[in-house]
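Each ligand, and each atom within it, is numbered from 1 in the order the structure gives.
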Amino acid sequence: MAVDCLFCRIVAREIPADVVYETDQVLAFRDIAPKAPVHVLVIPKEHHPTFAALGQEDPALAGALAAACGQVALDEGVADAGYRVLFNSGPNAGQEVFHVHAHVLGGKPLGPMLAR
Ligand code: 5GP
Ligand code: ZN
């Protein structure tokens with residue numbers, strides 16, 4: 001567990017979260033400040049800071065994360081209507097928590113990919 005990592009502490013159940021999906025490798029829980037009717041964060045239980053780092057350090061785990069995103073979309077009922085999977089990476093993308101996480105967003109038309 002990385003020292004002072006918020007999402008490692010959620011994995012360790014030191015901080016409560018509304019968990020919607022879990023395997024031995026990944027955890028998915030609702031975002032505390034949802035930006036859409038469905039807004040779930042999907043993380044590997046192991047600490048990797050960014051999507052790029054995860055892909056370099058453990059490609060199989062990146063695959064497990066992708067599979068979990070698809071399962072969450074199905075479970076949340078947004079798979080058919082469509083949804084967005086988003087990884088913020090670094091300052092220009094506004095990444096706040098440096099434990100890689102996919103945002104799974106859906107439940108309404110999401111508009112343009114980027115704010116204008
Ligand atoms: P980022 O900006 O790093 O891509 O996304 C971090 C996300 O984590 C934000 O959408 C934020 O609302 C969410 N978040 C921050 N703190 C907590 C928390 O304690 N619990 C949960 N469930 N989500 C959090
Ligand atoms: Zn962490």
Identity of the nearest option to atom 22 (N) of ligand 1, non-hydrogen atoms only, from Arg30, Glu96, Gln95: Arg30
Heavy-atom gap Ala17 to ligand 1 smaller than 4.0 Å: no
4.0 Å heavy-atom contact, Leu41 with ligand 1: yes
Straight-line distance of Asn88 CG to Glu96 CD, nearest 0.5 Å: 8.5 Å
Near the Zn ion (ligand 2) (under 2.8 Å) - protein N, O or S atoms: Cys5 SG, Cys8 SG, His47 ND1, His99 ND1
Subset of ligand 1 atoms that lie under 4.0 Å from at least one heavy atom of Ala33: 12 (O)
From Tyr83 atom OH to His103 atom NE2, the distance as rounded to the nearest 0.5 Å: 15.5 Å
The single option from Val26, Val40, Val42 passing side-chain contact (heavy atoms from CB on, under 4.5 Å) against Cys69: Val42
Under 4.5 Å side-chain linkage, directly or through intermediates, the cluster mates of Leu86: Leu105, Leu110
Whichever hydrophobic residues join Leu74 through chains of side-chain contacts under 4.5 Å: none
Show every donor-acceptor pair shorter than 3.5 Å between a side-chain atom in residues 56-64 and any protein atom, with sequence neighbours excluded, or say none if there are none.
from	atom 1	to	atom 2	distance (Å)
Glu57	OE1	His48	ND1	2.6
Asp58	OD1	Leu61	N	3.1

Close-contact set for ligand 1 against Phe7 heavy atoms, below 4.0 Å: 8 (O)
Rounded distance [0.5 Å steps], CD in Glu46 versus SG in Cys8: 9.5 Å
Taking atom 1 (P) of ligand 1 as the reference point, the nearest protein heavy atom with its distance: His101 NE2, 3.1 Å
N or O contact, His39 vs ligand 1, cut-off under 3.5 Å: no
Neighbour count above 12 (heavy atom, 6.0 Å) for Phe87 CZ: yes
Rounded distance [0.5 Å steps], CG in Leu54 versus NE2 in His101: 12.5 Å
Selection from Ile32, Val100, Leu105 by shortest heavy-atom distance to atom 18 (C) of ligand 1: Ile32
Proximal candidate to atom 13 (C) of ligand 1 [heavy atom criterion; set Asp31, Leu86, Asp18]: Asp31
Close-contact set for ligand 1 against Leu6 heavy atoms, below 4.0 Å: 16 (N), 17 (C), 19 (O)
CD1 on Ile15 to CZ on Phe7, rounded to 0.5 Å: 9.5 Å
Reported SG-to-CD1 distance for the pair Cys5 and Ile43, which is rounded to 0.5 angstrom: 7.5 Å
Ligand-residue contact atoms, ligand 1 with Gly94, heavy atoms, under 4.0 Å: 2 (O)
Interfacing atoms of ligand 1 (cut-off 4.0 Å, heavy-atom, Phe29): 22 (N)
Atom CG of Asp18 with >12 non-hydrogen neighbours under 6.0 angstrom: yes
Ligand 1 versus Phe87: contacting region, heavy-atom distance under 4.0 Å: neither
